[in-house]
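Both backbone and side-chain heavy atoms feed into the values below; hydrogens, waters and symmetry mates do not. Note that this is a predicted model, so its numbers are computed, not measured. Below, chains carry the letters A, B, ... as their sequence lines are ordered, and counting in each starts from 1.
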Number of protein chains: 2
Amino acid sequence: MSGGFILVVDDEPAICDMICTSLEMAGYQTRKAANGQIALQMIFNEQPDLAILDWMMPMMSGIELTTRIKRDPLTAEIPIILLTARSVEEDKIRGLEAGADDYVVKPFSPRELTARVKAVLRRSGKGNEDSNLTAGTMVLSPDEQVCRIDNETVSMGPKELKLLEFFMRHPNRVFSRGQLLDRVWGGNVYIDERTVDVHIRRLRKAITMNDHERMIQTVRGSGYRFSCDI
Amino acid sequence: MSGGFILVVDDEPAICDMICTSLEMAGYQTRKAANGQIALQMIFNEQPDLAILDWMMPMMSGIELTTRIKRDPLTAEIPIILLTARSVEEDKIRGLEAGADDYVVKPFSPRELTARVKAVLRRSGKGNEDSNLTAGTMVLSPDEQVCRIDNETVSMGPKELKLLEFFMRHPNRVFSRGQLLDRVWGGNVYIDERTVDVHIRRLRKAITMNDHERMIQTVRGSGYRFSCDI
DNA sequence: CGCAGGTGTCACAAAAATGTCACAATACAA
DNA sequence: TTGTATTGTGACATTTTTGTGACACCTGCG
């Protein structure tokens with residue numbers, strides 16, 4: 001399943017499609033974005049494992065996009081590959097300075113791109129293995145889709161598991177109900193924000209053992225936060 | 001959230017709107033003013049992090065406005081970007097002489113403007129980065145919505161946290177109750193100004209440890225000020 | 001088709017935050 | 001020093017936000 005989730009950003013649909021197709025043939029999951037604005041939002045909402053950005057784009061250049069992604073601690077860890085039109089040393093340097101992890105010079109062969117992708121993913125340790133998330137005596141295994149506390153399997157619905165996984169990936173940080181809807185529910189939904197409350201409630205109920213529900217803290221007026229230390 | 005609070009001053013509503021829209025898309029908070037008179041008042045009252053002024057305006061030109069803003073110590077620190085119609089060297093010089101921090105020649109692309117805004121804000125140290133705010137042994141993390149003194153979490157209400165955050169972003173500067181209502185409460189409210197006193201009181205009470213409450217100083221007849229050094 | 005679990009929504013209960021007031025304390029000017 | 005204006009403080013009613021249980025609606029499955 002999770003060979004890796006990759007966001008491809010290019011203003012030329014043809015190129016975008018070509019890249020996506022070859023990546024999908026290589027076993028990756030992909031998503032397209034036509035410009036920087038959309039890309040920024042998708043990166044935020046969907047937390048891809050890797051982003052491939054074209055250097056030259058209207059509105060927002062790949063390098064500016066890179067800068068923004070790397071500036072936000074919430075997305076800074078996402079590896080980035082830049083596509084440059086020419087092989088200019090200066091571009092490479094500016095790209096790497098902005099925080100890109102690799103760059104590919106256009107035109108390139110699909111095989112070359114997937115090779116780079118594989119390399120970057122391996123390097124950044126985000127490869128296939130979703131290593132287990134742990135907080136104290138609680139362990140969540142995305143692979144097995146299971147959460148254990150003190151080695152006891154905790155039963156909860158899939159949505160609660162997703163929610164918990166998201167929280168464990170971003171501990172100590174407050175998320176508004178809207179952000180959680182975006183990122184756990186998957187964006188383009190219009191759902192009553194109070195629904196989040198209910199799922200928080202269900203999640204808390206599920207992990208009641210040893211007071212673990214106190215890890216899910218509510219921040220009045222702002223949202224919820226996951227705190228590792230109980 | 002608080003990517004920065006920007007005042008846009010232009011007598012042409014269309015341009016004003018266009019600028020505001022693109023700034024908002026870039027994550028800034030904006031406010032419009034149609035002429036110099038209004039602008040002057042808003043700058044005074046709301047203490048934006050940056051002001052964008054059109055050069056050519058009826059009543060009061062951008063450069064005159066700049067001069068006035070920079071003359072008043074209460075607003076002198078606010079960075080200013082001027083919009084000039086032509087790329088005339090003389091205009092640039094006059095603008096910078098008056099104290100503007102940057103200038104953009106019309107017509108300009110939204111991207112160019114936001115780039116300048118970003119640059120000016122970064123230069124003046126008021127950037128986007130929600131990095132932690134610190135004053136002595138006190139640290140406020142907007143991400144985590146938490147304030148710590150000597151690594152001890154300080155408990156306070158959300159309004160007090162907002163208030164403290166605002167103060168820490170503008171240290172050593174006096175704010176009237178009205179200004180605080182505008183910026184911390186969010187403007188369009190009609191609330192008794194004395195309410196601010198009560199929240200100041202609550203904030204002080206919250207950070208009493210190690211005399212930190214002395215950082216919030218009252219300036220009789222004017223308002224309150226946050227001083228980094230106790 | 002009927003069932004079972006998962007989801008979203010609702011109504012009401014509970015809790016926390018907020019704004020206002022009355023009065024005390026303090027600073028400032030005459 | 002006295003008087004006046006301004007600010008500090010604690011208490012309280014109101015408003016806002018969140019917790020919680022119940023319920024109806026899907027959706028996949030036997």
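Atoms CG (B/Leu163) and C1' (C/dT18) sit 13 Å apart, rounded to a whole Å. In this structure, A/Glu213 atom CD and D/dG19 atom C1' are separated by 13 Å, rounded to whole Å. Following rounding to the nearest Å, A/Lys162 (NZ) and C/dG6 (C1') show an atom-to-atom distance of 13 Å. As a whole-Å value, the separation of B/Ile200 CD1 from D/dT9 P is 12 Å. We find that CG of B/Asp197 is positioned 11 Å from P of D/dT9, with the value rounded to whole Å. Computed from coordinates, the B/Arg214 CZ to D/dG8 P distance equals 15 Å when rounded to whole Å. In this structure, B/Met156 places its CE atom 17 Å from P of C/dA16, rounding to the nearest Å. The CG atom of A/Leu161 sits 18 Å away from the P atom of C/dG5 (whole-angstrom rounding).
For the pair A/Lys205 and A/Ser222, nearest-nucleotide mapping onto DNA chain D gives the more 5' position to A/Ser222.
Direction of the helix axis in the helix from C/dC1-D/dG30 to C/dA30-D/dT1 shifts by 20° between the two five-pair termini, rounded to 10°.
Between A/Arg177 and D/dT17 there is no side-chain polar atom (N or O) within less than 4.0 angstrom of OP1 or OP2. The shortest distance between the side-chain N/O atoms of A/Tyr224 and the OP1/OP2 oxygens of D/dG19 is below 4.0 Å. Within the structure, a side-chain polar atom (N or O) of A/Trp185 is placed less than 4.0 Å from OP1 or OP2 of C/dG8.
Partners of B/Arg194 according to the side chain to side chain donor-acceptor pair (under 3.5 Å) rule, which considers only residues two or more places apart in sequence or in another chain, are B/Asp197. For A/Ser222, the side chain to side chain donor-acceptor pair (under 3.5 Å) criterion is met by B/Gln145, not counting sequence neighbours. Listed by chain and number, the residues in a salt bridge (charged side-chain N to carboxylate O under 4.0 Å, His left out) with A/Arg225 amount to none (sequence neighbours excluded). Qualifying salt bridge (charged side-chain N to carboxylate O under 4.0 Å, His left out) partners for B/Arg71, counting only residues two or more places apart in sequence or in other chains: none. With sequence neighbours excluded, the residues forming a side chain to side chain donor-acceptor pair (under 3.5 Å) with B/Asp17 are B/Lys32, listed by chain and number. In this structure B/Arg220 satisfies the salt bridge (charged side-chain N to carboxylate O under 4.0 Å, His left out) test with no other residue, sequence neighbours excluded.
Ring planes of A/Phe175 and A/His170: perpendicular class, angle over 60° (limits at 30 and 60°).
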Show me the donor-acceptor pairs, under 3.5 Å and distance only, between side chains in residues 148-161 of chain B and residues at least two apart or in other chains.
unit_1: B/Arg148; atom_1: NH2; unit_2: B/Glu144; atom_2: OE1; d: 3.0
unit_1: B/Asp150; atom_1: OD1; unit_2: B/Thr137; atom_2: OG1; d: 2.3
unit_1: B/Glu160; atom_1: OE1; unit_2: B/Gly157; atom_2: N; d: 3.3
unit_1: B/Glu160; atom_1: OE2; unit_2: B/His199; atom_2: ND1; d: 2.5

Pair A/Ile81-A/Asp101, side chain to side chain contact (heavy atoms under 4.5 Å, CB included): steps then yes or no: CA-CA 6 Å; A/Ile81 294 180; A/Asp101 297 79; 5.7 Å; no
Nucleic acid footprint by protein, nucleotides 20-30 of chain C - heavy-atom cut-off 4.0 Å, B for base, S for sugar-phosphate alone: BB----BBS--
